[in-house]
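In what follows, a single structure is set out as C-alpha cells and then discussed.
Note that the coordinates shown come from a computational prediction; the quantities given were computed from them, not determined experimentally.
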Amino acid sequence: MIRNYPRILMLLLVVFTSCKDATETTSKEETTKAVVADVPVFIEDFRFKIKTHNEQEVPGDMPTKDIYLYTWERTDSVFVATEIAALNMNDIDSRHLFDMPKDCDIAINCYFAGSGNVYYGVATENQLAMYKGVAQGEKMLYKPYKTYSFFEGRIDTQDFAKN
C-alpha cells in the first residue's frame, strides 16, 4: 500500500494541473470576446431608416405603432418610441416646417391632426443623439430624448425621457 502513494500523488498532480490550464484558457477566450464586443462602430456615414411594428388599438383614441430605427449597414435595430403615426422625413426641405436642422441624419414625423411628436437624430462618431420635439405655439421645442451608442456586438441606449 505504501508503494502506491507516489503513483497516486503523481496522478492527482497531473489531474489538478490539467484542470487549471483548461480554466485559464476559457477565461482568456471570454475576455477576448468581451473586448471585441466593446469596439466602437463609427456611424457618421450610416444611412438610417425607420420601420413600424406592432399596431395597437387604443379604445377611443388613434391606434399606435412601435417605431424602430435601422441602418442600411447593420442588421440590428433599436426601439425609438410608440406613437400614433410615423413617417420617415427623407425630404430635407420639409424639415424646416418642424424647426429641424437640415443636416440631421434621421427625421421622424409622428405629428397628425394637430398633435403628436417629431424626432430627429444626429450621428457623431459612434453615437446617434435623438431629440424629441413638441409643439410650443408655432415653434417646436426639442429636448434630448435618447442616445444610441453603436458597438461591434451591441447598441447601448441611454434614455433621457425617463429622467
Quick one: do [X] and [Y] end up in the same hydrophobic cluster if we chain Ile, Leu, Val, Met, Phe, Trp and Tyr together by side-chain heavy atoms under 4.5 Å apart?
X    : Y    : value
V134 : F98  : no
M100 : L97  : yes
L141 : Y131 : no
I155 : I67  : yes

Nearest atoms (heavy-atom pairs only) where [X] meets [Y]:
X    : Y   : result
E57  : P63 : OE2-CB, 4.2 Å
C104 : R95 : O-NH1, 2.8 Å
K65  : E55 : CE-OE1, 3.4 Å

Output field: ring centroids Y142/Y120 closer than 6.0 Å: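 Yes - the distance between ring centres of Y142 and Y120 falls below the 6.0 Å cut-off.
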First locate atom [atom1] of [X], then atom [atom2] of [Y], and finally report the distance between them rounded to the nearest 0.5 Å.
X    : Y    : atom1 : atom2 : answer
M89  : I50  : CE    : CD1   : 10.5 Å
Y145 : D159 : OH    : CG    : 6.0 Å
Y68  : T52  : OH    : OG1   : 10.5 Å
Q136 : D99  : CD    : CG    : 11.5 Å
T147 : M130 : OG1   : CE    : 10.0 Å
E73  : F48  : CD    : CZ    : 7.5 Å

Q127 side chain to E125 main-chain N or O, any donor-acceptor pair under 3.5 Å? no
Please step through side chain to side chain contact (heavy atoms under 4.5 Å, CB included) for the pair N88 and K51, ending with a clear verdict. CA-CA 9 Å; N88 196 353; K51 289 186 181 181; over 6 Å; no
Expected list for residues 77-85: side-chain donor-acceptor pairs under 3.5 angstrom, two or more places apart:
from: T82; atom 1: OG1; to: D66; atom 2: OD1; distance (Å): 2.7
from: E83; atom 1: OE1; to: N117; atom 2: ND2; distance (Å): 3.4
from: E83; atom 1: OE2; to: N117; atom 2: ND2; distance (Å): 2.9
from: E83; atom 1: OE2; to: Y119; atom 2: OH; distance (Å): 2.4

Evaluate N126 against V41 for side chain to side chain contact (heavy atoms under 4.5 Å, CB included), listing each step before the verdict. CA-CA 5 Å; N126 76 318; V41 175; 5.5 Å; no
Is there a side-chain contact between L128 and I43, using heavy atoms and a 4.5 Å cut-off?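 In contact.
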Can you check side chain to side chain contact (heavy atoms under 4.5 Å, CB included) on I106 and F46, steps first, answer last? CA-CA 10 Å; I106 185 78; F46 276 18; over 6 Å; no
Establish, for the pair K143 and F160, whether the NZ or CZ atom is under 6.0 angstrom from the six-membered ring centre and no further than 45 degrees off its axis. no
